[in-house]
Amino acid sequence: MTSLTPNSLAALVESALSTRSSLLGRAVHAQIIKTLNNPLPSFLSNYLVNMYSKLDLPSSAQLVLSLNPSRSVVTWTALIAGSVQNGRFASALLQFSNMLRECIQPNDFTFPCAFKASASLRMPAIGKQVHALAVKDGQIRDVFVGCSAFDMYSKTGLRDEARILFDEMPEKNIVTWNAYMSNAVLDGQPRNAVNAFIEFLRVGGEPDSITFCAFLNACSDALYLETGRQLHGFIIRRGFLADVSASNGLIDFYGKCRDVGSSEMVFDRMCQRNDVTWCSMVTAHVQNYEEEKACMVFLQAREEGVEPTDYMISTVLSACAGLSGLELGRSVHALAVKACVEGNVFVGSAIVDMYGKCGSIHDAEQAFYEMPQRNLITWNAMIGGYAHQGHADMALAFFQDMTSGSNDLVPNYVTLVCVLSACSRAGAVEMGLEIFESMGAIFGIEPGVEHYACIVDLLGRSGMVERAYEFIKKMPIPPTIAIWGALLGSCRMYGKPELGKIAADNLFELDPKDSGNHVVLSNLFAAAGMWEEATLVRKEMKNVGIKKGVGCSWISVKNAVHVFQAKDTSHERNSEIQAMLYKLRKEMKEAGYVPDTDFALYDLEEEEKISEVWYHSEKIALAYGLITIPPGVPIRITKNLRICGDCHSAIKFISGIVGREITVRDNNRFHRFRDGQCSCRDYW
DNA sequence: TTAGGGTTAG
């Protein structure tokens, strides 16, 4: 056996670090103690401090450091760098200050760590003090130190200081330029990033994959689709298409620019993919409302043995939320636990959001309370979940709790959207208006288009349809589809054909291809007995080539999905379904249900209309659920179009008769029926 | 012993 010299022991420490095995690291340390007497040679002690700190074993690192009487700036920097790498930023700054207390001067390796810790903690006051030290001994001129100081100022929002540093840097390298571009994008200045790229090329810079990613981010941020496409060509010419990071950046860019087809093209042509590639592709589908495709890509990634990361899990959960796919959502939640990422705040918030949107508010609450840490997004998800379910009281209580006491969070734009939508769904008109009018003064958030839409919905849903229209006319920003859509919905609810026509005309202009608006207007006219107008709308639809999508409802039973269309008799258990429908119809009639034939789409005889609405797909899916799902288990149905008013009222009756909880997720929102009531206060 | 990026939640 060769003798263990200090140099060979140092090599052993290095190899233990490279395997990331703390067990091996401790074994090597034991061997060193066995071989050499204390105190260890200083350089070997430094190796150990570095290893322990990087392996995220801070106590051991600190102990080895304190046993080294001749510890130097290198020893301390090894300790601090490990803390920064493992996200222990506050510890890093504490260690930095302990080092100064021992009168050891930081060097060009120490300063970047201290700047990064200050930047990550968003503590510009500390960053400034570190900067002063770096200026004092001239270290700021070093390209590493200068770049990290610039990054710190940018990330802590001190633009002027960042700009001065950048302009006065004696030397800039590619990292400096990349930092400049990335921070410009983060700061909402994508144009500056693009200009910096041009300047960088002009001074003879050679971009790398990080430069491309930063540029693509700028393009997707500002929706510079053409500029991004040109960069795609540039990436190909420079031979960077084989680079996984550059291609990942392209997938992300196209996805954010609503060109998911190009994302798929880049993805399909890649020879090598990593976990980020898969996650970017799933994200691109989710961002383009292609949740089914997102789930397919996720399952494909699983088949290929790609390990699920916290990023992937939170993205897939948002796909489940979009699909109201509770079963898949549950299995992804289980996967998060298995992958040990459920404690991650992104994953936890996505779990809360998924359960809230899938109607399992108790699961959402449980996930919320079990989270080791929560942030604003977690609270928003919970408030949004209550709003979805029509629990305005809980939404408002959580809002109150979030902003007060130990939580002390500052609400953002989305928080206010969730709160106002909760008021609207609960008919809390005064409360909603009060919050809307004071949100600028109290929370510093100026109302945006989503907030205006909530108020239109709030007024309209409460029967103040004319007031809602007056409100729209006075809006300082142009009304959007959501706003006219809310008005049209309330016109349908309260039978206001004239205003409905105005809302619909605006919708036709903004969104000519949406068949739903034509159908609602036609129904509105039909309900008011204005058959000619109703027929005219239908004719117009035909003339301009709009087809109403085929309505269907689906229900998941024992992991199989059963899809039904209106008047569907094709299911293998059709006779049982029909028998259940017959039984229900009889019992409902006895309970006082009267079919609402406004929702029969044609000018039919009354008897035919009744039959028309009776065989809507959601009722058939529900009948199937009642014969297959054991008593006590909630029945969940999803519909691709909006649930019709007759089905809504029928399911209310059914929930009372059969004593079960029934939820219907339609393409607009969530309806939870229990004891003859629905979570939404009213429906047209 | 050191600096920059890519995928995530409303």
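Within every chain, numbering begins at 1; the chains are lettered A, B, ... in the order of the sequence lines, protein sequences first and strands thereafter.
The residue A:N248 sits close to a base: some heavy atom pair falls under 4.0 Å. Residue contacts shown for A:S280 are limited to sugar-phosphate atoms, with no base heavy atom under 4.0 Å away. Contacts of A:D208 with the nucleic acid, taken as non-hydrogen atoms under 4.0 Å apart, include base atoms. Across all strands shown, A:N375 has heavy atoms under 4.0 Å from base atoms, whether or not it also approaches the sugar-phosphate. Note on A:K155: only backbone sugar-phosphate atoms sit closer than 4.0 angstrom, heavy atoms only; bases stay farther off. A:N274 comes within contact range of at least one nucleobase, with a heavy-atom separation under 4.0 Å. Using a 4.0 Å heavy-atom distance criterion, A:D108 is classed as a base contact. Base contact: A:D310 has a heavy atom under 4.0 Å from a base atom. At a threshold of 4.0 angstrom between heavy atoms, the contacts of A:Q85 are confined to the sugar-phosphate backbone, with no base atom among them. If you check every strand for non-hydrogen atoms under 4.0 Å, A:Q139 touches nothing. Using a 4.0 Å heavy-atom cutoff across all strands shown, A:T283 reaches sugar-phosphate atoms only and no base atom. A:A81 comes within contact range of the sugar-phosphate backbone alone, with a heavy-atom separation under 4.0 Å but no base atom that close.
For A:N173 against B:dA3, a side-chain-to-base donor-acceptor contact under 3.5 Å is present. Scanning atom types as modelled, no donor and acceptor separated by under 3.5 angstrom connect the side chain of A:S182 and the base of B:dG5.
Residues A:T415 and A:N412 have side chains that bring a donor and an acceptor to within less than 3.5 angstrom of each other.
At the phosphate of B:dG6, neither OP1 nor OP2 sits under 4.0 Å from any side-chain N or O atom of A:K256. At least one side-chain nitrogen or oxygen of A:N217 sits closer than 4.0 Å to the OP1 or OP2 atom of B:dG6. Distances shorter than 4.0 Å separate some side-chain N or O of A:K357 from OP1 or OP2 on B:dG10. Taking only side-chain nitrogens and oxygens, A:K172 never comes nearer than 4.0 Å to OP1 or OP2 of B:dA3.
Nearest to the side-chain atoms of A:Q287 among the listed nucleotides B:dT8, B:dA3, B:dT1 stands B:dT8. For A:S209, taking side-chain heavy atoms from C-beta onward, the closest of the listed nucleotides B:dG5, B:dG10, B:dA3 is B:dG5. Here the nucleotide nearest the side chain of A:N107, chosen from B:dT7, B:dT1, B:dA3, is B:dT1. Distances were taken from every side-chain heavy atom of A:D353 (C-beta onward) to each of B:dA9, B:dT7, B:dG5; the shortest belongs to B:dA9. Nearest to the side chain of A:C213, among B:dT7, B:dG5, B:dT1, sits B:dG5.
Listed by chain and number, the residues in a side-chain hydrogen bond (donor to acceptor under 3.5 Å, both in side chains) with A:S148 amount to none (sequence neighbours excluded). A:F436 meets the ring pair (Phe, Tyr, Trp, His ring centres under 6.0 Å) test with A:Y452, A:F471; sequence neighbours excluded.
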Exercise. What's the verdict on side-chain contact (heavy atoms from CB on, under 4.5 Å) for A:V175 and A:F144, showing C-alpha distance, side-chain angles and the deciding distance?
Worked result: CA-CA 9 Å; A:V175 179; A:F144 279 74; over 6 Å; no
For this session: Go through the steps for A:M123 and A:T156 under the test side-chain contact (heavy atoms from CB on, under 4.5 Å), then give the verdict.
Result: CA-CA 7 Å; A:M123 294 176 94; A:T156 53; over 6 Å; no
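Residues from residues 311-323 of chain A that place a heavy atom under 4.0 Å from any atom of DNA chain B, listed by number: A:Y311, A:S314, A:T315. Annotation: proximity of residues 263-272 of chain A to DNA chain B (heavy atom, distance under 4.0 Å) is found for no residue.
Among all heavy-atom pairs drawn from A:G448 and A:Y413, the shortest one is CA-OH, 3.1 Å.
Taking the six-membered ring for Trp and the full ring otherwise, the centers of A:F368 and A:F398 sit less than 6.0 Å from each other. Proximity of the aromatic rings of A:W278 and A:Y311 is defined here by a centroid distance below 6.0 angstrom, and this criterion is not met. Between A:F399 and A:F443, the distance separating the two ring centers is shorter than 6.0 angstrom.
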Throw together a table of side-chain donor-acceptor distances under 3.5 angstrom for residues 265-272 of chain A, partners on residues two or more places apart or in other chains.
none

Under 3.5 Å, sequence neighbours excluded: what are the donor-acceptor pairs made by side chains of residues 126-133 of chain A?
unit_1: A:H131; atom_1: ND1; unit_2: A:Y153; atom_2: OH; d: 2.7

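A cation-pi geometry, defined here as NZ or CZ lying under 6.0 Å from the six-membered ring centre and within 45° of its normal, holds between A:K172 and A:F166.
B:dT8 atom C1' lies 13 Å from atom CE of A:M371, rounded to whole Å. The CE-P distance, from A:M402 to B:dG10, rounds to 15 Å in whole Å. If you measure from atom NE2 of A:H131 to atom P of B:dA3, you get 18 Å, rounded to the nearest angstrom. When rounded to the nearest whole Å, the span between CD of A:E14 and C1' of B:dT1 equals 11 Å. Spacing between atom CZ of A:F115 and atom C1' of B:dT2 amounts to 12 Å, rounded to whole angstrom units. Atoms CD1 (A:I251) and P (B:dT8) sit 12 Å apart, rounded to a whole Å. For the pair A:Q95 CD and B:dT2 P, the computed distance is 14 Å after rounding to whole Å. Put simply, CZ on A:F150 is 11 Å from P on B:dG5, counting in whole angstrom units.
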